[in-house]
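So the structure is just underneath, and the comments pick up after that.
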Amino acid sequence: MINRSFIIQAENYELHREEIERGPYIRHLDLALTCSQLIHMTPRELVTKRVNWDMLKDWDMSPDELMRQAANDSKKTLAPTIEPMSEVIKGFLVEEFLEKTCGDVERALEKAEAEYRKMFALDEGDIPEIYVISNELRIQGAAVVFYTDILEKFAQEQGSNLILLPSSIHEWLVLLESEAGGRKEMEAMVREANMCVVRDDEVLSNHVYRYRMDIKELEILGAGMGATE
């Protein structure tokens, strides 16, 4: 096995087709799994270089060998995470308030909790729980659903199929199928986010997906396939 580290990335095949086809990749639905060489990593930064066909030839490495090593390396360096969105938002708020309170953790936690309640002035029962799937770095985290069994384990724990909304190449938003809204409504929400919030080079997809427990597979959600219209 070559003495380099690699990571797996998930990206939209049609949007980045020209660049993707310059190196090895695996198609999955409307997405492509590609590999990059890991150059440098810190708790807040990930520096990589996309692997192309010339690099693979120089290393005398097959596409299958690359993908296997990238999957193993990614599991070690970019372990998957799944958290309730409420906790993720509170985490960001704590970081913000830590600066404003000069590092006073207790005050920052109190202010973050108060701000969160102000942002979502609803009873907990009024909205379904949304989870965020990514990696520990929250960079290129959408790929974790392909190189780990995180979806299978979470679906089993919840006893439910999962609905996945592609937030960006960095993360997925996940709901239990029984708590998801209509497909068209969710697709509209994803498209609006992609147009107004997500950077063009970080758009993952305009589709909504479902993870099915019975066949242990991810699929594009279509009419009559689970969530209501």
Side-chain angles (χ1 to χ4, degrees), residues 1-81 132-151 164-173 187 190-211 217-222:
M1 193 176 292
I2 197 165
N3 188 26
R4 294 182 177 89
S5 292
F6 302 95
I7 66 164
I8 288 181
Q9 302 166 149
E11 48 194 324
N12 187 281
Y13 177 73
E14 292 299 335
L15 288 179
H16 306 289
R17 182 172 184 171
E18 183 176 348
E19 189 173 11
I20 287 171
E21 292 184 345
R22 292 174 184 164
Y25 65 93
I26 297 174
R27 285 292 306 274
H28 192 87
L29 302 175
D30 61 330
L31 308 178
L33 304 182
T34 60
C35 295
S36 288
Q37 183 180 356
L38 180 59
I39 306 299
H40 179 67
M41 185 174 72
T42 71
R44 293 182 177 273
E45 182 183 36
L46 188 68
V47 180
T48 63
K49 182 178 181 180
R50 183 188 292 270
V51 175
N52 57 43
W53 292 113
D54 288 338
M55 294 165 68
L56 210 61
K57 183 178 180 181
D58 290 341
W59 298 332
D60 190 24
M61 194 177 193
S62 72
D64 287 345
E65 288 175 324
L66 174 67
M67 288 295 177
R68 282 196 298 270
Q69 182 172 342
N72 290 332
D73 291 346
S74 295
K75 290 176 184 177
K76 297 174 184 176
T77 59
L78 297 172
T81 62
V132 179
I133 288 183
S134 186
N135 57 40
E136 293 177 336
L137 205 60
R138 297 201 178 281
I139 301 176
Q140 296 291 347
V144 301
V145 302
F146 298 106
Y147 64 75
T148 71
D149 57 358
I150 189 170
L151 292 181
L164 285 83
L165 309 182
S167 177
S168 71
I169 61 173
H170 303 301
E171 63 187 18
W172 298 87
L173 302 183
E187 285 180 347
V190 170
R191 287 194 297 270
E192 182 177 0
N194 285 339
M195 287 189 295
C196 302
V197 180
V198 184
R199 287 173 33 179
D200 289 346
D201 61 340
E202 296 185 349
V203 170
L204 185 60
S205 176
N206 283 322
H207 293 300
V208 174
Y209 301 77
R210 177 171 69 168
Y211 177 79
E217 287 187 7
L218 187 68
E219 62 188 13
I220 294 175
L221 188 64

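Worth saying up front: this structure is predicted, and the values here are computed from it rather than measured. What's counted below: heavy atoms across the whole structure, side chains too, no hydrogens, waters or symmetry copies.
The heavy-atom pair separating I20 from A32 by the smallest distance is CD1-CB, 3.8 Å. Scanning both residues, Y209 and P166, for their nearest heavy atoms gives CE1-CG, 4.1 Å. The shortest non-hydrogen separation linking S5 to D73 is CA-OD2, 3.3 Å. Between I8 and A70, the closest heavy-atom pair is CG1-CB, 3.6 Å. Taking every heavy atom of both residues into account, S168 and V198 meet most closely at CB-CG1, 4.0 Å. Pairing each heavy atom of I169 with each of A10, the nearest pair is CG2-O, 3.6 Å.
Taking the side chain as every heavy atom from C-beta outward, T48 and L46 approach each other to under 4.5 Å. Looking at Y25 and T34, their side chains come closer than 4.5 Å, going by heavy atoms from C-beta outward. By the 4.5 Å heavy-atom criterion applied to side chains, L38 and F6 are not counted as neighbours. Using a 4.5 Å heavy-atom threshold, the side chains of L151 and W172 count as separate. You'll find the side chain of D30 reaches within 4.5 Å of the side chain of I220, heavy atoms only. Two residues are said to be in side-chain contact when any heavy atoms from C-beta on lie closer than 4.5 Å; L31 and F146 meet this criterion. Inter-residue side-chain proximity for Y211 and V145 is flagged as unmet; no heavy-atom pair is nearer than 4.5 Å. Looking at Y13 and S205, their side chains never come closer than 4.5 Å, going by heavy atoms from C-beta outward.
Shown here is D58, whose CG atom has more than 12 heavy atoms of other residues, nucleotides or ligands within 6.0 Å. The environment of E192 atom CD is sparse: at most 12 non-hydrogen atoms of other residues, nucleotides or ligands sit within 6.0 angstrom. Dense packing is recorded around CD of E14, with more than 12 heavy atoms of other residues, nucleotides or ligands lying under 6.0 Å away.
For the atom pair CG of L66 and CD of Q37, the computed distance is 10.0 Å after rounding to the nearest 0.5 Å. Interatomic distance, CG of D200 versus CE of M195, reported as 11.5 Å (0.5 Å rounding). The distance from atom SG of C35 to atom CE of M55, rounded to the nearest 0.5 Å, is 10.5 Å. Rounding to the nearest 0.5 Å places CZ of R210 at 10.5 Å from CG of L218. Atoms CD and CG, from E217 and L29 in turn, are 9.0 Å apart once rounded to the nearest 0.5 Å. Put simply, CG on D64 and CE on M61 are 10.5 Å apart, with the number rounded to the nearest 0.5 Å.
Salt-bridge annotation for R50 and E11: present, with a side-chain N of the basic residue lying under 4.0 Å from a carboxylate O of the acidic one.
Judged purely by atom type and a 3.5 angstrom limit, E65 uses its side chain to pair as donor or acceptor with the backbone of S62. Using a distance-only test at 3.5 Å, with no hydrogens or angles considered, no donor-acceptor pair links the side chain of W59 to the main chain of D54.
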- Check against side-chain contact (heavy atoms from CB on, under 4.5 Å), L15 and L204: CA-CA 9 Å; L15 288 179; L204 185 60; over 6 Å; no
- Task: Please test M41 against L137 for side-chain contact (heavy atoms from CB on, under 4.5 Å), starting from the C-alpha separation and ending with a verdict.
- Result: CA-CA 9 Å; M41 185 174 72; L137 205 60; 3.9 Å; yes
- Message: Between V208 and L164, does the side-chain contact (heavy atoms from CB on, under 4.5 Å) criterion hold? Intermediate values first, please.
- Response: CA-CA 6 Å; V208 174; L164 285 83; over 6 Å; no
- Take Q9 and S36 through the test side chain to side chain donor-acceptor pair (under 3.5 Å) and record every step on the way to the result. CA-CA 7 Å; Q9 302 166 149; S36 288; 3.0 Å; yes
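Only one option out of T148, I150, I7, L78 pairs with N135 in a side chain to side chain contact (heavy atoms under 4.5 Å, CB included); it is L78.
In this model, a donor atom of one side chain and an acceptor atom of the other lie less than 3.5 Å apart for H170 and E202.
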